[in-house]
Amino acid sequence: MKIAIYGKKFNETFVPAVQFLFSRLKNQALDLYIHDGFADFLFRYVKPDDKLKLFASKDFSSQFDVLLSIGGDGTFLDAVTLVKQTGVPILGINTGRLGFLSIISREEISGAVNALINRDYVLEDRSLLSLLTDEGVPFGGFNFALNELTVIKKDTSSMITVQAYIDGAYLNSYWADGIIVATPTGSTAYSLSCGGPILAPTAPNFIITPIAPHNLNVRPIVLSDTSEIRLKVEARDENYLVALDSRSIAFDPSTELIIKKADFSIKLLKLKSENFYNTLRAKMMWGMDRRN
């Protein structure tokens, strides 16, 4: 099995867990490849040897069997830009906090390695959204997001106006700090913090959620992911910001945004014991009485 490993700096409290992970991986007949941007930090704590080879972002391909993402959900989202259309599944080892995507805790590392070796896991397809503009393909071709697209004001305290059209039909003019177009995966991220609904991760939908709207009766709306969403922005500034997950670019207000479901998906590797509803209850602390 050929395993790619991607990560970012993690807190020193997670060092023993990461060292344990690599000791388990090295004891197996696995080909391990470390992302070159992660290697310098990782090798402070994990001794490099012939088992650990390096790879660059441009060398990532479908020849890998799995990508291990070591970090929080932000690291997982960055890993998506490595995987792209290759179909390589991603397993998230959580060294962050909440972790809806990086779901393997330090206590579950041993079981996760066993599941990998025995191929005793499930793969879950997660849809993405894609962004085009009336001028072409932005973000250097990395014009997709697993969580959300965010349109937000830039360099001003003034609100912006975002006109939204669904399949050519006018929906609304959002007078707000911005709006979010979220996937089901992104329904538990920024959209949730702005009052959006939670969707099951395989639901065939998008969510449009306003950010601090001026009109209090404006609420999030759930749409079919077969819809084409067009956004036109009016702003006092010369530019506004568009973010795809953690990547952002400034656009001129004359630029029209076209949002559709991406023509590929990301495979999330999960243990058979994991399911979204258990994760949701645990992360959101549903049913817990804090008085006890």
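Positions are given from 1 along the sequence. Computed from heavy atoms alone, side chains included, the values below leave out hydrogens, waters and symmetry copies.
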Next item on the list: Would you please indicate yes or no on a ring centroid separation below 6.0 angstrom for F60 and Y6?
Entry: no
Margin query: If hydrophobic clusters are built from ILVMFWY residues whose side chains come within less than 4.5 Å, do L32 and F43 share one?
Written below: yes
Next item on the list: Return yes if some donor-acceptor pair links the side-chain N/O of S69 with the main-chain N/O of L91 below 3.5 Å, else return no.
Entry: no
Check: Heavy atoms, side chains only, cut-off 4.5 Å: are Q28 and M1 in contact?
Finding: no
Note to self: Has N143 got a side-chain atom pairing as donor or acceptor with L131's backbone, closer than 3.5 angstrom?
What the structure shows: yes
Notebook entry, point to check: Side-chain contact, heavy-atom cut-off 4.5 Å: L21 with V113?
Noted result: yes
Note to self: With a 4.5 Å cut-off on side-chain heavy-atom distances among I, L, V, M, F, W and Y, is there a chain of contacts connecting F264 to L244?
What the structure shows: no
Margin query: Within a 6.0 Å radius of atom CG on N118, are there more than 12 heavy atoms belonging to other residues, nucleotides or ligands?
Written below: yes
Check: Can you check whether T150 reaches I211 side chain to side chain, under 4.5 Å on heavy atoms?
Finding: yes
Next item on the list: Determine whether the side chains of S246 and D78 contain a donor N or O and an acceptor N or O closer than 3.5 Å.
Entry: yes
Check: Which heavy-atom pair separates C194 from P210 by the least distance, and what is that distance?
Finding: CB-O, 4.0 Å
Next item on the list: Could you tell me whether the side chain of Y174 reaches within less than 4.5 Å of the side chain of L171, counting heavy atoms only?
Entry: yes
Check: Does any non-hydrogen side-chain atom of L149 lie less than 4.5 Å from one of L129?
Finding: yes
Note to self: How close do S187 and P197 get, counting heavy atoms only, and between which atoms?
What the structure shows: CB-O, 3.4 Å
Next item on the list: Hey, could you give me the OH/CG distance between Y121 and L123, rounded to the nearest 0.5 Å?
Entry: 6.0 Å
Check: For residues R126 and S265, is any side-chain donor paired with an opposing acceptor at under 3.5 Å?
Finding: no
Check: So, the side chain of S248 versus the backbone of A243: is there a donor-acceptor pair under 3.5 Å, distance only?
Finding: no
Next item on the list: Would you give the length of the straight line joining atom CD of E148 to atom CG of L77, rounded to the nearest 0.5 angstrom?
Entry: 7.5 Å
Notebook entry, point to check: For the hydrophobic clusters of this structure (ILVMFWY residues joined by side-chain heavy atoms under 4.5 Å, transitively), does one cluster hold both I179 and M159?
Noted result: no
Next item on the list: Indicate yes or no for a side-chain donor-acceptor contact from N275 to the backbone of N278 under 3.5 Å, with no hydrogens or angles considered.
Entry: yes
Margin query: Any non-hydrogen side-chain atom of R24 less than 4.5 Å from a side-chain atom of S110?
Written below: yes
Check: Is the backbone N or O of F100 less than 3.5 Å from a side-chain atom of D73, with the two atoms forming a donor-acceptor pair by type?
Finding: yes
Notebook entry, point to check: Taking it one step at a time, do S57 and H35 satisfy side chain to side chain contact (heavy atoms under 4.5 Å, CB included)?
Noted result: CA-CA 7 Å; S57 297; H35 187 265; 2.8 Å; yes
Next item on the list: Begin from the C-alpha positions of I93 and V18 and carry the test side chain to side chain contact (heavy atoms under 4.5 Å, CB included) through to its verdict.
Entry: CA-CA 9 Å; I93 308 294; V18 173; over 6 Å; no
Note to self: Restricting to non-hydrogen atoms, name the atom on N239 and the atom on A250 that form the minimum distance, rounded to 0.1 Å.
What the structure shows: CB-CB, 4.0 Å
Note to self: Membership question, hydrophobic clusters at under 4.5 Å side-chain separation (ILVMFWY): are I208 and L192 in the same one?
What the structure shows: no
Note to self: Counting neighbours of NZ on K26 that are heavy atoms of other residues, nucleotides or ligands and sit closer than 6.0 Å, is the number greater than 12?
What the structure shows: yes
Check: Is the NZ or CZ atom of K8 positioned over F38's six-membered ring, under 6.0 angstrom from the centre and within 45° of the axis?
Finding: no
Check: Judged by atom type as modelled, is there a donor-acceptor pair below 3.5 Å linking the side chain of N27 to the main-chain atoms of S23?
Finding: yes
Next item on the list: Please check if the side chain of D49 supplies one atom and the backbone of K51 the other of a donor-acceptor pair under 3.5 Å.
Entry: yes
Margin query: If you compare all heavy atoms of S158 against all heavy atoms of K153, which two are closest, and at what distance to 0.1 Å?
Written below: O-CD, 3.1 Å
Checklist line | Nearest-0.5 Å distance that lies between atom CD1 in I152 and atom CD1 in I160 | finding: 7.5 Å
Margin query: So does I229 get a backbone contact from the side chain of S227, meaning a donor-acceptor N/O pair under 3.5 Å?
Written below: no
Check: Does any non-hydrogen side-chain atom of V233 lie less than 4.5 Å from one of T161?
Finding: no
Check: In this structure, which one of F14, F76, F22 forms a side-chain contact (heavy atoms from CB on, under 4.5 Å) with I70?
Finding: F22
Item checked: Polar side chain donor-acceptor pair, R106 to N94, under 3.5 angstrom -> no
Notebook entry, point to check: After noting the C-alpha distance and the side-chain angles of V218 and N172, does the key distance pass the side chain to side chain contact (heavy atoms under 4.5 Å, CB included) rule?
Noted result: CA-CA 9 Å; V218 174; N172 187 38; 4.1 Å; yes
Next item on the list: Mind checking the CZ-CZ spacing from F55 to F64? Nearest 0.5 Å is all I need.
Entry: 5.0 Å
Check: Do the non-hydrogen side-chain atoms of V80 and F144 ever get within less than 4.5 Å of each other?
Finding: yes
Check: Do you reckon I34 sits in the same ILVMFWY cluster as L25, going by side-chain contacts under 4.5 Å, direct or chained?
Finding: yes
Next item on the list: Answer yes or no: are there more than 12 heavy-atom neighbours, outside Q63 itself, under 6.0 Å from its atom CD?
Entry: no
Note to self: Go through it in stages, so that I can follow the logic: the residues are L54 and Y33, the test is side chain to side chain contact (heavy atoms under 4.5 Å, CB included), and I'd like the CA-CA distance, side-chain angles, deciding distance and then a yes or no.
What the structure shows: CA-CA 5 Å; L54 300 185; Y33 291 80; over 6 Å; no
Check: Can you list the residues that meet the side chain to side chain donor-acceptor pair (under 3.5 Å) rule with E108, with sequence neighbours excluded?
Finding: S105
Checklist line | Ion pair K2/D65, N-O distance below 4.0 Å | finding: no
Next item on the list: Report the distance from atom CG of L271 to atom CD1 of I104, rounding to the nearest 0.5 Å.
Entry: 4.0 Å
Item checked: Minimal non-hydrogen separation, T13 against P16, with atom names -> O-CD, 3.7 Å
Checklist line | Closest approach of A17 to I109 (non-hydrogen atoms, all atoms of both residues) | finding: O-CD1, 3.6 Å
Checklist line | From F206 atom CZ to L199 atom CG, the distance as rounded to the nearest 0.5 Å | finding: 11.5 Å
Note to self: If only side-chain N and O atoms count, and only distance matters, is there a donor-acceptor pair under 3.5 Å linking S62 with T86?
What the structure shows: no
Item checked: R247 side chain to F142 backbone, donor-acceptor under 3.5 Å -> yes
Next item on the list: Without swapping roles, check the side chain of N205 against the backbone of V222 for a donor-acceptor pair under 3.5 Å.
Entry: no
Next item on the list: Going by the side chain to side chain donor-acceptor pair (under 3.5 Å) test, name the single residue among R230, K232, E234 that passes it with Q163.
Entry: E234
